[in-house]
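One structure is given below, encoded as C-alpha coordinates.
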Amino acid sequence: MQFMLMFAEPATEVAKRDHPEHAAAYWGGWNAYIGAMAQAGIVVNGDGLQPPHTATTVRVRDGKRLVEDGPYADTKEQLGGYFIVEVPDLDTALEWAARSPAASSGGVEVRPVMPPPAR
Amino acid sequence: MTGDARRAAETAARVAYGRLIASLAAWSRDIAGAEDALAEAFVAALRTWPERGIPDAPDAWLLTAARNNLRNRHRHDGIRAAAAQEIERRHDALAEAAPFPDERLKLLFVCAHPAIDAGIRTPLMLQTVLGLDAVRIASAFLVAPAAMGQRLVRAKAKIRDAGLRFEVPEGDALQGRLGDVLDAVYAAFGTGWDAVPGAATGTGDLAQEAIYLGRLLVELLPGEPEAQGLLALMLYCEARRSARRDAAGGFVPLDRQDATLWSRDMIVEAEGLLTAASRAGRFGRYGCEAAIQSVHVQRGVTGRTNHAALELLYDLLAAHAPGVGSTVGRAAAYVARDPAAALAQLDAARAAATERYQPWWVTRATALAALGRVAEARDAMSTAIGLTEDAAVRAWLLGVMDGWPQAAISSGARASNSHLRSPA
(Lines give C-alpha, C1' and ligand atoms only; values in the text may rest on other atoms or scores of the structure.)
Protein backbone atom coordinates (compact mmCIF):
# COMPACT_ATOMS: atom_id res chain seq x y z
CA MET A 1 0.00 0.00 0.00
CA GLN A 2 1.22 3.46 -0.79
CA PHE A 3 1.02 6.29 1.70
CA MET A 4 1.98 9.92 1.42
CA LEU A 5 3.84 11.34 4.39
CA MET A 6 3.44 15.12 4.46
CA PHE A 7 5.93 16.79 6.77
CA ALA A 8 4.73 20.01 8.38
CA GLU A 9 7.43 22.09 10.02
CA PRO A 10 7.24 25.30 12.06
CA ALA A 11 9.09 28.34 10.72
CA THR A 12 11.75 27.91 13.44
CA GLU A 13 12.69 24.50 11.98
CA VAL A 14 12.77 25.74 8.39
CA ALA A 15 15.06 28.55 9.54
CA LYS A 16 17.61 25.97 10.68
CA ARG A 17 18.21 24.84 7.11
CA ASP A 18 20.85 27.51 6.50
CA HIS A 19 21.59 28.52 10.06
CA PRO A 20 25.37 28.43 10.68
CA GLU A 21 24.99 26.63 14.02
CA HIS A 22 21.94 24.43 13.55
CA ALA A 23 22.12 23.44 9.88
CA ALA A 24 24.39 20.44 10.48
CA ALA A 25 22.05 18.88 13.04
CA TYR A 26 18.98 19.69 10.93
CA TRP A 27 20.34 18.09 7.78
CA GLY A 28 22.04 15.31 9.70
CA GLY A 29 18.67 14.26 11.10
CA TRP A 30 16.88 14.42 7.77
CA ASN A 31 19.64 12.72 5.78
CA ALA A 32 19.79 9.88 8.27
CA TYR A 33 16.01 9.50 8.17
CA ILE A 34 15.85 9.49 4.38
CA GLY A 35 18.82 7.11 4.30
CA ALA A 36 17.09 4.70 6.66
CA MET A 37 13.93 4.77 4.52
CA ALA A 38 15.96 4.20 1.37
CA GLN A 39 17.79 1.32 3.04
CA ALA A 40 14.43 -0.20 3.98
CA GLY A 41 13.46 -0.02 0.32
CA ILE A 42 10.13 1.67 0.96
CA VAL A 43 10.60 4.98 -0.88
CA VAL A 44 8.51 5.39 -4.02
CA ASN A 45 9.12 9.07 -4.42
CA GLY A 46 9.71 12.15 -2.35
CA ASP A 47 11.40 15.51 -1.97
CA GLY A 48 11.94 18.38 0.35
CA LEU A 49 10.40 21.70 -0.65
CA GLN A 50 11.83 25.19 -0.70
CA PRO A 51 10.61 27.34 2.21
CA PRO A 52 7.00 28.59 2.22
CA HIS A 53 7.95 32.16 1.25
CA THR A 54 8.95 30.85 -2.18
CA ALA A 55 5.39 29.64 -2.79
CA THR A 56 2.92 31.22 -5.18
CA THR A 57 -0.76 30.39 -5.03
CA VAL A 58 -3.12 30.68 -7.96
CA ARG A 59 -6.93 30.63 -7.94
CA VAL A 60 -9.50 31.12 -10.66
CA ARG A 61 -12.82 32.65 -9.53
CA ASP A 62 -15.58 33.58 -11.94
CA GLY A 63 -13.13 33.30 -14.78
CA LYS A 64 -10.69 35.70 -13.13
CA ARG A 65 -7.20 34.66 -12.19
CA LEU A 66 -5.93 35.55 -8.75
CA VAL A 67 -2.25 35.04 -8.09
CA GLU A 68 -0.83 35.54 -4.60
CA ASP A 69 2.58 35.33 -3.05
CA GLY A 70 2.99 32.80 -0.32
CA PRO A 71 1.27 29.63 0.74
CA TYR A 72 -2.45 29.08 0.57
CA ALA A 73 -3.03 28.78 4.28
CA ASP A 74 -1.39 30.99 6.87
CA THR A 75 -0.86 28.37 9.56
CA LYS A 76 1.88 27.91 12.11
CA GLU A 77 3.29 24.83 10.43
CA GLN A 78 3.97 24.60 6.73
CA LEU A 79 4.57 21.78 4.31
CA GLY A 80 8.32 21.20 4.24
CA GLY A 81 8.41 18.10 2.09
CA TYR A 82 6.72 14.84 1.29
CA PHE A 83 7.47 11.21 0.66
CA ILE A 84 5.42 8.47 -0.90
CA VAL A 85 6.25 5.13 0.69
CA GLU A 86 5.25 1.58 -0.09
CA VAL A 87 4.52 -0.26 3.17
CA PRO A 88 2.16 -3.07 4.21
CA ASP A 89 -0.23 -1.02 6.35
CA LEU A 90 -1.00 2.25 8.13
CA ASP A 91 0.71 1.09 11.34
CA THR A 92 4.02 0.78 9.48
CA ALA A 93 3.49 4.12 7.75
CA LEU A 94 2.88 5.75 11.15
CA GLU A 95 6.06 4.16 12.52
CA TRP A 96 8.10 5.74 9.76
CA ALA A 97 6.27 9.06 10.11
CA ALA A 98 7.10 9.16 13.83
CA ARG A 99 10.81 8.73 13.07
CA SER A 100 10.99 11.84 10.91
CA PRO A 101 12.47 14.97 12.49
CA ALA A 102 9.23 16.79 11.57
CA ALA A 103 7.25 14.53 13.93
CA SER A 104 9.05 16.09 16.92
CA SER A 105 9.08 19.68 15.67
CA GLY A 106 5.79 19.87 13.78
CA GLY A 107 3.58 17.08 12.53
CA VAL A 108 3.30 14.47 9.84
CA GLU A 109 0.05 13.86 7.99
CA VAL A 110 -0.21 10.32 6.66
CA ARG A 111 -2.68 9.50 3.91
CA PRO A 112 -3.22 6.47 1.70
CA VAL A 113 -2.58 7.18 -1.96
CA MET A 114 -5.66 6.62 -4.12
CA PRO A 115 -5.26 3.75 -6.54
CA PRO A 116 -5.50 4.74 -10.21
CA PRO A 117 -9.12 4.71 -11.42
CA ALA A 118 -10.24 1.42 -12.94
CA ARG A 119 -10.78 1.60 -16.70
CA MET B 1 -7.95 19.17 45.44
CA THR B 2 -4.30 18.63 46.26
CA GLY B 3 -2.20 16.37 44.08
CA ASP B 4 -2.19 13.65 46.72
CA ALA B 5 -5.96 13.79 47.18
CA ARG B 6 -6.52 13.71 43.44
CA ARG B 7 -4.19 10.74 43.07
CA ALA B 8 -5.96 8.97 45.91
CA ALA B 9 -9.32 9.63 44.30
CA GLU B 10 -8.07 8.44 40.94
CA THR B 11 -6.61 5.31 42.47
CA ALA B 12 -9.85 4.56 44.29
CA ALA B 13 -11.89 5.09 41.13
CA ARG B 14 -9.51 2.91 39.15
CA VAL B 15 -9.54 0.07 41.65
CA ALA B 16 -13.33 0.24 41.72
CA TYR B 17 -13.61 0.35 37.93
CA GLY B 18 -11.26 -2.58 37.34
CA ARG B 19 -12.87 -4.67 40.05
CA LEU B 20 -16.38 -3.94 38.81
CA ILE B 21 -15.57 -4.74 35.17
CA ALA B 22 -13.71 -7.88 36.23
CA SER B 23 -16.61 -9.09 38.37
CA LEU B 24 -19.20 -8.43 35.69
CA ALA B 25 -17.11 -9.89 32.86
CA ALA B 26 -16.01 -12.95 34.82
CA TRP B 27 -19.68 -13.77 35.24
CA SER B 28 -20.97 -12.86 31.76
CA ARG B 29 -17.76 -13.51 29.75
CA ASP B 30 -18.71 -10.41 27.83
CA ILE B 31 -16.31 -7.53 28.45
CA ALA B 32 -18.01 -5.09 26.08
CA GLY B 33 -21.40 -5.89 27.60
CA ALA B 34 -19.96 -5.38 31.09
CA GLU B 35 -18.50 -2.01 30.08
CA ASP B 36 -21.83 -0.85 28.65
CA ALA B 37 -23.75 -2.05 31.69
CA LEU B 38 -21.32 -0.32 34.06
CA ALA B 39 -21.44 2.89 32.03
CA GLU B 40 -25.24 2.89 32.34
CA ALA B 41 -24.89 2.28 36.08
CA PHE B 42 -22.58 5.30 36.39
CA VAL B 43 -25.13 7.43 34.54
CA ALA B 44 -27.84 6.22 36.92
CA ALA B 45 -25.57 7.02 39.89
CA LEU B 46 -25.01 10.56 38.67
CA ARG B 47 -28.79 10.94 38.42
CA THR B 48 -29.83 9.45 41.76
CA TRP B 49 -26.94 9.98 44.19
CA PRO B 50 -27.22 13.78 44.30
CA GLU B 51 -30.91 13.39 45.29
CA ARG B 52 -30.81 10.42 47.62
CA GLY B 53 -27.27 10.72 48.89
CA ILE B 54 -24.24 8.50 48.26
CA PRO B 55 -24.96 4.91 49.27
CA ASP B 56 -22.95 3.30 52.09
CA ALA B 57 -21.31 0.89 49.67
CA PRO B 58 -21.05 2.75 46.33
CA ASP B 59 -19.23 -0.15 44.65
CA ALA B 60 -21.91 -2.64 45.61
CA TRP B 61 -24.59 -0.19 44.44
CA LEU B 62 -22.87 0.16 41.06
CA LEU B 63 -22.39 -3.59 40.78
CA THR B 64 -26.06 -4.27 41.47
CA ALA B 65 -27.20 -1.61 39.02
CA ALA B 66 -24.84 -2.87 36.31
CA ARG B 67 -25.89 -6.45 36.98
CA ASN B 68 -29.54 -5.46 36.59
CA ASN B 69 -28.69 -3.76 33.31
CA LEU B 70 -26.99 -6.94 32.12
CA ARG B 71 -29.92 -9.05 33.28
CA ASN B 72 -32.41 -6.81 31.46
CA ARG B 73 -30.34 -7.01 28.32
CA HIS B 74 -30.28 -10.80 28.53
CA ARG B 75 -34.05 -10.80 28.94
CA HIS B 76 -34.46 -8.58 25.92
CA ASP B 77 -32.23 -10.91 23.99
CA GLY B 78 -34.91 -13.54 24.55
CA ILE B 79 -32.76 -16.02 26.37
CA ARG B 80 -34.46 -19.37 26.80
CA ALA B 81 -35.96 -20.18 30.13
CA ALA B 82 -33.39 -22.78 31.08
CA ALA B 83 -30.51 -20.46 30.39
CA ALA B 84 -32.24 -17.63 32.19
CA GLN B 85 -32.61 -19.84 35.23
CA GLU B 86 -28.90 -20.56 35.25
CA ILE B 87 -28.17 -16.88 34.93
CA GLU B 88 -30.45 -16.12 37.87
CA ARG B 89 -28.63 -18.71 39.92
CA ARG B 90 -25.25 -17.20 39.14
CA HIS B 91 -26.58 -13.69 39.77
CA ASP B 92 -27.67 -14.77 43.20
CA ALA B 93 -24.29 -16.32 43.91
CA LEU B 94 -22.67 -13.06 42.89
CA ALA B 95 -25.06 -11.03 45.03
CA GLU B 96 -24.32 -13.14 48.08
CA ALA B 97 -20.63 -12.62 47.84
CA ALA B 98 -19.98 -9.46 49.78
CA PRO B 99 -17.55 -7.83 49.55
CA PHE B 100 -17.53 -9.05 46.00
CA PRO B 101 -14.44 -11.06 45.03
CA ASP B 102 -11.54 -9.49 43.18
CA GLU B 103 -11.61 -11.05 39.73
CA ARG B 104 -9.02 -8.77 38.17
CA LEU B 105 -6.44 -11.53 37.95
CA LYS B 106 -8.82 -13.57 35.79
CA LEU B 107 -9.39 -10.54 33.63
CA LEU B 108 -5.63 -10.07 33.18
CA PHE B 109 -5.24 -13.69 32.15
CA VAL B 110 -8.10 -13.47 29.65
CA CYS B 111 -6.61 -10.31 28.11
CA ALA B 112 -3.27 -12.12 27.60
CA HIS B 113 -4.91 -15.37 26.47
CA PRO B 114 -2.98 -17.23 23.73
CA ALA B 115 -6.08 -16.99 21.51
CA ILE B 116 -5.85 -13.19 21.61
CA ASP B 117 -3.47 -11.54 19.15
CA ALA B 118 -0.27 -10.60 21.01
CA GLY B 119 -0.40 -7.05 19.68
CA ILE B 120 -3.74 -6.24 21.28
CA ARG B 121 -3.18 -7.85 24.69
CA THR B 122 -1.60 -4.80 26.31
CA PRO B 123 -4.18 -2.32 24.93
CA LEU B 124 -6.93 -4.67 26.09
CA MET B 125 -5.53 -4.78 29.64
CA LEU B 126 -5.12 -1.03 29.76
CA GLN B 127 -8.70 -0.54 28.72
CA THR B 128 -10.47 -3.21 30.74
CA VAL B 129 -8.46 -3.23 33.96
CA LEU B 130 -7.53 0.45 34.10
CA GLY B 131 -10.31 2.05 32.07
CA LEU B 132 -8.01 3.95 29.67
CA ASP B 133 -9.75 5.25 26.58
CA ALA B 134 -8.97 4.03 23.09
CA VAL B 135 -7.63 7.39 21.87
CA ARG B 136 -4.96 7.50 24.56
CA ILE B 137 -4.03 3.87 24.04
CA ALA B 138 -3.85 4.41 20.28
CA SER B 139 -1.44 7.32 20.71
CA ALA B 140 0.83 5.33 22.97
CA PHE B 141 1.00 2.46 20.51
CA LEU B 142 1.22 4.70 17.44
CA VAL B 143 -1.95 3.36 15.89
CA ALA B 144 -4.78 5.37 14.34
CA PRO B 145 -7.46 5.88 17.04
CA ALA B 146 -10.25 4.45 14.86
CA ALA B 147 -8.17 1.37 14.11
CA MET B 148 -7.34 0.85 17.79
CA GLY B 149 -11.03 1.14 18.68
CA GLN B 150 -11.91 -1.52 16.11
CA ARG B 151 -9.17 -3.87 17.28
CA LEU B 152 -10.32 -3.61 20.87
CA VAL B 153 -13.92 -4.30 19.86
CA ARG B 154 -12.82 -7.32 17.83
CA ALA B 155 -10.73 -8.71 20.68
CA LYS B 156 -13.63 -8.40 23.12
CA ALA B 157 -15.97 -10.06 20.64
CA LYS B 158 -13.47 -12.89 20.27
CA ILE B 159 -13.34 -13.42 24.04
CA ARG B 160 -17.14 -13.54 24.19
CA ASP B 161 -17.80 -15.57 21.05
CA ALA B 162 -14.96 -18.04 21.44
CA GLY B 163 -16.01 -18.60 25.04
CA LEU B 164 -12.56 -17.97 26.52
CA ARG B 165 -12.59 -18.93 30.16
CA PHE B 166 -12.11 -16.37 32.88
CA GLU B 167 -9.83 -18.33 35.12
CA VAL B 168 -6.41 -18.30 36.68
CA PRO B 169 -4.47 -21.26 35.29
CA GLU B 170 -3.04 -23.69 37.79
CA GLY B 171 0.13 -25.74 38.05
CA ASP B 172 2.44 -25.83 35.05
CA ALA B 173 -0.04 -23.93 32.91
CA LEU B 174 0.28 -20.94 35.26
CA GLN B 175 3.98 -20.41 34.46
CA GLY B 176 3.44 -20.40 30.71
CA ARG B 177 0.40 -18.18 30.79
CA LEU B 178 1.87 -15.87 33.42
CA GLY B 179 4.72 -15.10 31.02
CA ASP B 180 2.21 -13.69 28.53
CA VAL B 181 0.58 -11.55 31.23
CA LEU B 182 3.96 -10.18 32.38
CA ASP B 183 5.04 -9.50 28.79
CA ALA B 184 1.88 -7.52 28.14
CA VAL B 185 2.41 -5.43 31.27
CA TYR B 186 6.05 -4.83 30.36
CA ALA B 187 5.02 -3.79 26.85
CA ALA B 188 3.00 -0.98 28.41
CA PHE B 189 6.07 0.07 30.39
CA GLY B 190 8.34 -0.04 27.35
CA THR B 191 5.90 2.09 25.41
CA GLY B 192 5.96 4.70 28.13
CA TRP B 193 9.72 4.51 28.63
CA ASP B 194 10.83 6.61 25.69
CA ALA B 195 8.68 9.51 26.70
CA VAL B 196 10.34 12.17 28.83
CA PRO B 197 8.90 14.08 31.76
CA GLY B 198 6.89 17.04 30.57
CA ALA B 199 6.83 15.93 26.96
CA ALA B 200 3.40 16.25 25.43
CA THR B 201 3.47 12.85 23.79
CA GLY B 202 0.79 11.38 26.02
CA THR B 203 2.70 8.15 26.49
CA GLY B 204 4.88 9.06 29.47
CA ASP B 205 2.44 7.98 32.12
CA LEU B 206 1.87 4.56 30.59
CA ALA B 207 4.94 3.65 32.64
CA GLN B 208 2.91 4.55 35.72
CA GLU B 209 0.02 2.42 34.48
CA ALA B 210 2.38 -0.50 33.93
CA ILE B 211 3.80 -0.14 37.43
CA TYR B 212 0.25 -0.10 38.77
CA LEU B 213 -0.46 -3.37 36.95
CA GLY B 214 2.85 -4.77 38.21
CA ARG B 215 1.89 -3.97 41.78
CA LEU B 216 -1.50 -5.54 41.20
CA LEU B 217 0.14 -8.77 40.00
CA VAL B 218 2.47 -8.89 43.00
CA GLU B 219 -0.53 -8.37 45.27
CA LEU B 220 -2.74 -10.94 43.54
CA LEU B 221 0.01 -13.55 43.11
CA PRO B 222 1.92 -13.31 46.38
CA GLY B 223 5.27 -15.05 46.34
CA GLU B 224 5.43 -15.33 42.53
CA PRO B 225 9.09 -14.45 41.79
CA GLU B 226 8.61 -13.34 38.20
CA ALA B 227 5.86 -10.88 39.14
CA GLN B 228 8.24 -9.48 41.77
CA GLY B 229 11.05 -9.44 39.23
CA LEU B 230 8.98 -7.49 36.71
CA LEU B 231 7.89 -4.90 39.25
CA ALA B 232 11.51 -4.54 40.47
CA LEU B 233 12.71 -4.09 36.86
CA MET B 234 10.16 -1.35 36.19
CA LEU B 235 10.92 0.43 39.45
CA TYR B 236 14.69 0.41 38.82
CA CYS B 237 14.11 2.01 35.42
CA GLU B 238 11.47 4.44 36.63
CA ALA B 239 13.79 5.52 39.45
CA ARG B 240 16.12 6.98 36.83
CA ARG B 241 13.49 8.86 34.83
CA SER B 242 14.40 12.40 35.87
CA ALA B 243 18.10 11.75 35.28
CA ARG B 244 17.55 10.86 31.63
CA ARG B 245 17.44 14.50 30.52
CA ASP B 246 19.73 17.39 31.41
CA ALA B 247 18.52 20.90 32.25
CA ALA B 248 18.42 21.81 28.56
CA GLY B 249 16.36 18.75 27.67
CA GLY B 250 19.34 16.90 26.20
CA PHE B 251 19.58 13.11 26.36
CA VAL B 252 21.81 11.67 29.09
CA PRO B 253 22.84 8.03 28.58
CA LEU B 254 22.71 5.72 31.56
CA ASP B 255 26.45 5.64 32.21
CA ARG B 256 26.59 9.45 32.42
CA GLN B 257 23.52 10.03 34.55
CA ASP B 258 23.82 11.89 37.83
CA ALA B 259 23.09 9.11 40.31
CA THR B 260 21.95 11.61 42.93
CA LEU B 261 18.90 12.28 40.76
CA TRP B 262 17.75 8.67 40.97
CA SER B 263 14.78 7.94 43.20
CA ARG B 264 16.11 6.38 46.38
CA ASP B 265 12.66 5.10 47.43
CA MET B 266 11.99 3.25 44.21
CA ILE B 267 15.44 1.68 44.22
CA VAL B 268 15.01 0.49 47.81
CA GLU B 269 11.62 -1.02 46.94
CA ALA B 270 13.09 -2.67 43.84
CA GLU B 271 15.99 -4.16 45.84
CA GLY B 272 13.52 -5.64 48.31
CA LEU B 273 11.48 -7.22 45.53
CA LEU B 274 14.57 -8.56 43.78
CA THR B 275 15.80 -10.14 47.00
CA ALA B 276 12.41 -11.79 47.52
CA ALA B 277 12.32 -13.01 43.90
CA SER B 278 15.81 -14.48 44.12
CA ARG B 279 14.74 -16.71 47.02
CA ALA B 280 12.87 -18.85 44.48
CA GLY B 281 16.29 -20.07 43.31
CA ARG B 282 15.34 -20.47 39.67
CA PHE B 283 16.04 -18.41 36.58
CA GLY B 284 13.38 -15.93 35.60
CA ARG B 285 13.67 -13.54 32.70
CA TYR B 286 12.34 -10.56 34.61
CA GLY B 287 14.31 -11.37 37.73
CA CYS B 288 17.45 -11.49 35.57
CA GLU B 289 16.65 -8.17 33.90
CA ALA B 290 15.98 -6.63 37.30
CA ALA B 291 19.36 -7.93 38.49
CA ILE B 292 20.98 -6.20 35.49
CA GLN B 293 19.34 -2.93 36.49
CA SER B 294 20.48 -3.51 40.06
CA VAL B 295 24.08 -3.65 38.80
CA HIS B 296 23.56 -0.35 36.97
CA VAL B 297 22.20 1.45 40.04
CA GLN B 298 25.08 0.14 42.16
CA ARG B 299 27.13 2.83 40.46
CA GLY B 300 25.25 5.30 42.65
CA VAL B 301 26.97 3.68 45.64
CA THR B 302 30.28 2.40 44.31
CA GLY B 303 30.92 5.08 41.70
CA ARG B 304 31.71 2.52 39.01
CA THR B 305 29.85 0.07 36.81
CA ASN B 306 30.65 -3.59 37.30
CA HIS B 307 30.97 -4.61 33.65
CA ALA B 308 31.93 -8.18 34.45
CA ALA B 309 28.69 -8.67 36.39
CA LEU B 310 26.71 -7.15 33.52
CA GLU B 311 28.34 -9.47 30.99
CA LEU B 312 27.60 -12.48 33.19
CA LEU B 313 23.95 -11.55 33.67
CA TYR B 314 23.46 -10.81 29.98
CA ASP B 315 25.07 -14.16 29.09
CA LEU B 316 22.48 -15.77 31.32
CA LEU B 317 19.63 -13.71 29.89
CA ALA B 318 20.62 -14.37 26.27
CA ALA B 319 20.90 -18.10 26.97
CA HIS B 320 17.57 -18.45 28.79
CA ALA B 321 15.50 -15.75 27.08
CA PRO B 322 16.90 -15.40 23.57
CA GLY B 323 15.64 -12.54 21.47
CA VAL B 324 16.74 -9.42 19.68
CA GLY B 325 16.47 -7.32 22.84
CA SER B 326 18.61 -9.56 25.02
CA THR B 327 21.17 -10.09 22.23
CA VAL B 328 21.63 -6.38 21.71
CA GLY B 329 21.69 -5.72 25.45
CA ARG B 330 24.40 -8.34 25.81
CA ALA B 331 26.47 -6.83 23.01
CA ALA B 332 26.06 -3.38 24.60
CA ALA B 333 27.38 -4.84 27.85
CA TYR B 334 30.42 -6.31 26.08
CA VAL B 335 31.21 -3.34 23.87
CA ALA B 336 33.12 -1.41 26.54
CA ARG B 337 35.65 -4.18 27.21
CA ASP B 338 35.55 -6.30 24.09
CA PRO B 339 34.09 -4.53 21.05
CA ALA B 340 35.16 -7.37 18.71
CA ALA B 341 33.08 -9.87 20.68
CA ALA B 342 30.16 -7.42 20.75
CA LEU B 343 30.34 -7.00 16.98
CA ALA B 344 30.47 -10.76 16.44
CA GLN B 345 27.37 -11.20 18.64
CA LEU B 346 25.51 -8.52 16.70
CA ASP B 347 26.47 -9.94 13.30
CA ALA B 348 25.44 -13.42 14.37
CA ALA B 349 22.02 -12.07 15.33
CA ARG B 350 21.49 -10.08 12.14
CA ALA B 351 18.02 -10.79 10.78
CA ALA B 352 14.95 -9.04 9.44
CA ALA B 353 14.03 -8.07 13.00
CA THR B 354 17.33 -6.24 13.55
CA GLU B 355 17.18 -4.17 10.37
CA ARG B 356 14.71 -1.66 11.86
CA TYR B 357 15.87 -2.07 15.45
CA GLN B 358 17.57 1.17 16.42
CA PRO B 359 19.56 -0.22 19.40
CA TRP B 360 21.12 -2.88 17.14
CA TRP B 361 22.47 -0.15 14.86
CA VAL B 362 23.63 2.09 17.71
CA THR B 363 25.49 -0.76 19.38
CA ARG B 364 26.97 -1.89 16.10
CA ALA B 365 28.15 1.64 15.33
CA THR B 366 29.72 1.89 18.79
CA ALA B 367 31.54 -1.40 18.38
CA LEU B 368 32.81 -0.48 14.92
CA ALA B 369 34.02 2.92 16.13
CA ALA B 370 35.82 1.28 19.05
CA LEU B 371 37.56 -1.02 16.56
CA GLY B 372 38.64 1.98 14.48
CA ARG B 373 36.38 1.10 11.55
CA VAL B 374 35.04 4.63 11.48
CA ALA B 375 33.57 4.72 7.96
CA GLU B 376 31.42 1.65 8.69
CA ALA B 377 30.60 3.08 12.10
CA ARG B 378 29.31 6.26 10.47
CA ASP B 379 27.09 4.30 8.11
CA ALA B 380 25.64 2.28 10.97
CA MET B 381 25.15 5.34 13.16
CA SER B 382 23.45 7.18 10.34
CA THR B 383 20.96 4.33 9.99
CA ALA B 384 20.43 4.38 13.77
CA ILE B 385 19.74 8.12 13.70
CA GLY B 386 17.27 7.64 10.87
CA LEU B 387 15.41 5.07 12.97
CA THR B 388 15.32 7.28 16.07
CA GLU B 389 11.99 8.77 17.07
CA ASP B 390 13.09 10.83 20.06
CA ALA B 391 14.51 14.21 19.00
CA ALA B 392 16.80 14.43 22.06
CA VAL B 393 18.29 11.00 21.37
CA ARG B 394 18.71 11.94 17.70
CA ALA B 395 20.63 15.08 18.69
CA TRP B 396 22.79 13.06 21.10
CA LEU B 397 23.68 10.44 18.49
CA LEU B 398 24.47 13.12 15.92
CA GLY B 399 26.83 14.64 18.49
CA VAL B 400 28.47 11.27 19.14
CA MET B 401 29.05 10.78 15.43
CA ASP B 402 30.45 14.32 15.11
CA GLY B 403 32.92 13.44 17.85
CA TRP B 404 34.40 10.64 15.74
CA PRO B 405 37.43 12.00 13.89
CA GLN B 406 39.04 9.47 11.64
CA ALA B 407 39.91 6.71 14.06
CA ALA B 408 38.97 7.74 17.58
CA ILE B 409 36.96 5.85 20.13
CA SER B 410 33.89 7.07 21.94
CA SER B 411 32.49 5.13 24.79
CA GLY B 412 29.43 7.28 25.30
CA ALA B 413 27.40 5.98 22.38
CA ARG B 414 26.44 2.79 24.05
CA ALA B 415 22.82 1.91 23.62
CA SER B 416 22.04 2.34 27.27
CA ASN B 417 18.66 0.86 28.07
CA SER B 418 18.72 -0.70 24.64
CA HIS B 419 16.89 -3.79 25.77
CA LEU B 420 14.17 -1.56 27.15
CA ARG B 421 13.27 -0.22 23.78
CA SER B 422 11.81 -3.52 22.77
CA PRO B 423 10.02 -4.94 25.75
CA ALA B 424 8.32 -7.62 23.67
Side-chain angles (χ1 to χ4, degrees), chain A residues 1 3-5 7-10 12-13 16 19-43 46 48 76-77 81 83 85-112, chain B residues 117 119-120 123 138-148 150-151 191 194-196 199-203 249-251 352-358 360-362 364-365 378-404 421-422:
Chain A
M1 244 185 121
F3 290 87
M4 189 174 204
L5 314 184
F7 306 110
E9 295 179 294
T12 48
E13 272 308 287
K16 288 180 183 171
H19 188 279
E21 211 177 304
H22 299 304
Y26 177 90
W27 289 113
W30 275 106
N31 289 339
Y33 173 63
I34 294 164
M37 283 205 292
Q39 201 176 331
I42 60 165
V43 176
K76 223 168 60 183
E77 292 164 1
F83 266 85
V85 296
E86 175 80 51
V87 291
D89 48 37
L90 176 63
D91 291 11
T92 315
L94 290 176
E95 258 174 46
W96 282 104
R99 288 167 178 153
S100 76
S104 313
S105 64
V108 187
E109 185 174 330
V110 179
R111 284 217 221 166
Chain B
D117 178 63
I120 199 71
S139 296
F141 287 87
L142 205 59
V143 169
M148 179 56 84
Q150 282 168 5
R151 287 174 205 177
T191 304
D194 284 341
V196 290
T201 55
T203 63
F251 173 71
T354 57
E355 293 300 298
R356 313 275 175 279
Y357 189 56
Q358 187 257 23
W360 188 85
W361 289 99
V362 176
R364 184 181 163 78
R378 281 181 185 283
D379 281 351
M381 190 58 107
S382 183
T383 301
I385 292 165
L387 293 171
T388 301
E389 194 180 313
D390 188 316
V393 174
R394 187 184 303 128
W396 162 262
L397 294 176
L398 278 164
V400 168
M401 192 160 71
D402 271 354
W404 289 339
R421 301 182 64 94
S422 165

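Each chain gets a letter, A, B and so on, in the order the sequences are listed, and its residues count up from 1.
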### Query
Where on B/I385 is there a heavy atom nearer than 4.5 Å to chain A: the side chain, the backbone, both, or neither?
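Both backbone and side chain of B/I385 come within 4.5 Å of chain A.
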### Query
What part of B/A144 lies closer than 4.5 angstrom to a heavy atom of chain A: side chain, backbone, both or neither?
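The answer is both parts of B/A144.
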#### Entry: Top contributor to chain B interface from A/A103, A/A36, A/A24, A/A32 [non-hydrogen pairs under 4.5 Å]
A/A32
### Query
Looking at A/G35, A/G28, A/A25, A/A40, which one has more heavy-atom pairs under 4.5 Å with chain B than the rest?
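Most heavy-atom pairs within the cutoff with chain B belong to A/A40.
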#### Entry: Nearest heavy atoms of B/L398 and A/G29, plus distance in Å
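Nearest heavy atoms, B/L398 then A/G29: CD1-N, 3.9 Å.
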### Message
A/V110: which residues meet the side chain to side chain contact (heavy atoms under 4.5 Å, CB included) condition with it, sequence neighbours left out?
### Response
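Partners of A/V110 under the side chain to side chain contact (heavy atoms under 4.5 Å, CB included) test: A/F3, A/L5, A/L90, A/A93, A/L94, A/A97, A/V108.
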Taking 3.5 Å as the threshold, show me the donor-acceptor pairs across chain A and chain B, one per line with distances to 0.1 Å.
| from | atom 1 | to | atom 2 | distance (Å) |
| --- | --- | --- | --- | --- |
| A/Q39 | OE1 | B/T383 | OG1 | 2.8 |
| A/D91 | OD1 | B/R151 | NH2 | 3.0 |
| A/D91 | OD2 | B/R151 | NH1 | 2.9 |
| A/D91 | OD2 | B/R151 | NH2 | 3.0 |
| A/R99 | O | B/R394 | NH2 | 3.2 |

